[in-house]
**Q** 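One structure, as structure tokens, below. Some questions next.
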Amino acid sequence: MENKLEKQNSIKKSLATSCRFKRICVFCGSSPGKNPSYQLAALQLANQLVERKIDLVYGGGSIGLMGLVSQAVYNGGRHVLGVIPKSLMPKEITGETVGEVRAVSGMHQRKAEMARQADAFIALPGGYGTLEELLEVITWAQLGIHEKPVGLLNVDGYYNSLLSFIDKTVDEGFVTPAARNIIVSAPTAHELMSKLEEYIPKHDGGAPRLSWEMEQQLGFGTAKSEISR
């Protein structure tokens, strides 16, 4: 029994010292979903972040899957940064806030700030908002604005239809096979984290990061210029 515990502690220590990420942005629903597996996956992802000593960036809500993952990461001793538009605070925050909450003026600022703060992105099950956030960071990667890994936690096949649709866009010539590789998917949090650690960009972006940084210096850029940093 003692040897088993020593082995587990050794694995946890190895994960913590070898992880390439300091902060990961998690996109997920403000609803818990009907399938209990979604809630379990949120907690398992939170445990992976805590074990690997990774801080959390998320949408700032205290309800649904957002509330579960943020509270678990916070309880595990990691820093939690929630970025939320002021207009959504009454709707998505109930009771006490979790960790640091950064209020912004709107949805565009929310996405840009979350992306700027994170070293990688993971999408848990969610609705329109989660899909919109996910597809935007994928598009930014395709354009070369950032090279941060984008992960899809495909719990119980939740995202199978989306992945099939994206494969269809490749077949029909709207997305290149190289750009398809931007999306890293796995059915479990542990497997997904391992894949993200090993991720190497294999696509050619259309807008080099340098051009966005130069625009920012000249005063013509937007918050997206900061995302690559």
Side-chain angles (χ1 to χ4, degrees), residues 4-5 7-29 32-33 35-59 64-83 98-99 114-126 130-131 133-138 140-141 146-160 162-163 166 180-203 227:
K4 185 176 180 180
L5 289 174
K7 185 176 181 181
Q8 290 176 341
N9 290 333
S10 177
I11 292 173
K12 289 182 179 180
K13 184 176 179 181
S14 175
L15 289 173
T17 56
S18 64
C19 188
R20 65 186 275 194
F21 309 120
K22 292 182 180 179
R23 294 178 297 272
I24 287 182
C25 177
V26 174
F27 304 129
C28 57
N35 188 341
S37 295
Y38 305 149
Q39 300 166 49
L40 178 60
L43 294 175
Q44 290 173 339
L45 176 59
N47 290 337
Q48 283 293 309
L49 298 183
V50 171
E51 287 183 6
R52 297 168 187 262
K53 297 189 182 300
I54 301 173
D55 294 332
L56 171 70
V57 180
Y58 82 115
L65 297 186
M66 281 200 291
L68 281 175
V69 69
S70 60
Q71 190 66 59
V73 171
Y74 183 78
N75 290 344
R78 303 309 305 168
H79 184 262
V80 173
L81 172 62
V83 184
V98 178
M114 287 195 296
R116 187 176 71 85
Q117 293 289 337
D119 302 315
F121 309 93
I122 292 177
L124 279 161
T130 300
L131 287 174
E133 291 166 335
L134 170 68
L135 292 174
E136 185 149 22
V137 295
I138 291 171
W140 289 345
H146 72 80
E147 292 184 343
K148 301 173 183 180
V150 180
L152 201 59
L153 190 48
N154 191 19
V155 185
D156 283 356
Y158 181 80
Y159 283 114
N160 282 352
L162 175 62
L163 292 171
I166 294 172
R180 172 65 176 83
N181 291 327
I182 292 171
I183 304 171
V184 179
S185 64
T188 67
H190 182 273
E191 184 180 346
L192 182 60
M193 288 300 304
S194 297
K195 285 186 174 183
L196 292 177
E197 289 278 1
E198 299 169 357
Y199 174 80
I200 299 174
K202 297 179 181 178
H203 61 283
I227 291 165

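Note that the structure is predicted; figures quoted are calculated from it, not measured.
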**Q** Rounded at 0.5 Å granularity, tell me how far OH in Tyr199 sits from CD in Glu147.
**A**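 The distance works out to 7.5 Å.
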**Q** Quick check: closest heavy atoms across Ser194 and Arg52, and the distance to 0.1 Å?
**A** OG-NH2, 3.9 Å
**Q** Enter the distance from Leu134:CG to Cys25:SG here, rounded to the nearest 0.5 Å.
**A**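 Result: 10.5 Å between the selected atoms.
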**Q** Calculate, to the nearest 0.5 Å, the distance between atoms NZ and OG1 belonging to Lys195 and Thr188 respectively.
**A** 9.0 Å
**Q** Within the distance-only criterion (no hydrogens, no angle test), does the side chain of Gln39 pair as donor or acceptor with the backbone N or O of Leu65 below 3.5 angstrom?
**A** no
**Q** For a side chain to side chain contact (heavy atoms under 4.5 Å, CB included) check, start with the C-alpha distance between Ile183 and Ile138, then their side-chain angles and the critical distance, and finish with the verdict.
**A** CA-CA 7 Å; Ile183 304 171; Ile138 291 171; 3.6 Å; yes
**Q** Enter the distance from Ser37:OG to Gln44:CD here, rounded to the nearest 0.5 Å.
**A** 9.0 Å
**Q** With rounding to the nearest 0.5 angstrom, report the CD to CE distance, Glu136 to Met114.
**A** 9.5 Å
**Q** Return yes if some donor-acceptor pair links the side-chain N/O of Arg23 with the main-chain N/O of Gln117 below 3.5 Å, else return no.
**A** yes
**Q** Report the distance from atom CG of Leu162 to atom CG of Leu135, rounding to the nearest 0.5 Å.
**A**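 These two atoms lie 6.5 Å from each other.
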**Q** Is the OH atom of Tyr74 crowded by more than 12 outside heavy atoms at less than 6.0 Å?
**A** no
**Q** What do the steps show when you test Leu56 against Val26 for side chain to side chain contact (heavy atoms under 4.5 Å, CB included), and what is the final call?
**A** CA-CA 7 Å; Leu56 171 70; Val26 174; 3.5 Å; yes
**Q** Return the minimal non-hydrogen interatomic distance between Tyr58 and Met66, and the atom names on each side.
**A** CE1-O, 3.8 Å
**Q** side-chain hydrogen bond (donor to acceptor under 3.5 Å, both in side chains), that's the test. Do Asn154 and Ser185 meet it? Break it down for me.
**A** CA-CA 6 Å; Asn154 191 19; Ser185 64; 5.6 Å; no
**Q** Does this structure show an ion pair linking Asp55 with Arg78, if we count only N-O contacts that are shorter than 4.0 Å?
**A** yes
**Q** Which of parallel (below 30°), tilted (30 to 60°) and perpendicular (above 60°) describes Trp140 and His146?
**A** perpendicular
**Q** Apply the test side-chain hydrogen bond (donor to acceptor under 3.5 Å, both in side chains) to residues Gln71 and Asn75: give CA-CA distance (whole Å), side-chain angles for both, the deciding distance (0.1 Å), then the verdict.
**A** CA-CA 6 Å; Gln71 190 66 59; Asn75 290 344; 2.9 Å; yes
**Q** Does His190 form a side chain to side chain contact (heavy atoms under 4.5 Å, CB included) with Gln48? I'd like the steps, not just the answer.
**A** CA-CA 7 Å; His190 182 273; Gln48 283 293 309; 3.6 Å; yes
**Q** Nearest heavy-atom pair of Phe121 and Ala115: which atoms, and what distance?
**A** CE2-CA, 3.6 Å
**Q** I'd like to check Val184 versus Glu198 (side-chain heavy atoms, cut-off strictly below 4.5 Å). Are they in contact?
**A**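 No, their side chains stay 4.5 Å or more apart.
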**Q** Could you walk me through whether Ile122 and Leu152 pass the side chain to side chain contact (heavy atoms under 4.5 Å, CB included) test, one step at a time?
**A** CA-CA 6 Å; Ile122 292 177; Leu152 201 59; over 6 Å; no
**Q** Write down the atom of Thr130, the atom of Tyr159, and the distance for their closest heavy-atom approach.
**A**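 Nearest pair, atom of Thr130 first, then Tyr159: CG2-OH, 3.6 Å.
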**Q** Does some side-chain heavy atom of Val155 sit less than 4.5 Å from a side-chain heavy atom of Pro187?
**A** no
**Q** Do you know which two heavy atoms are closest between Pro149 and Asp119, and how far apart they sit?
**A**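 Shortest heavy-atom contact: CD-O, 3.5 Å.
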**Q** I'd like to know if the side chain of Tyr38 reaches the main chain of Tyr158, judged simply by a donor and an acceptor atom lying under 3.5 Å from each other, with no hydrogens or angles considered.
**A**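 Pair absent, no side-chain N/O of Tyr38 close to backbone of Tyr158.
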**Q** Which pair of heavy atoms, one from Pro125 and one from Leu153, lies closest together, and at what distance?
**A**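 Heavy atoms only, the tightest pair is CD-O, 4.1 Å.
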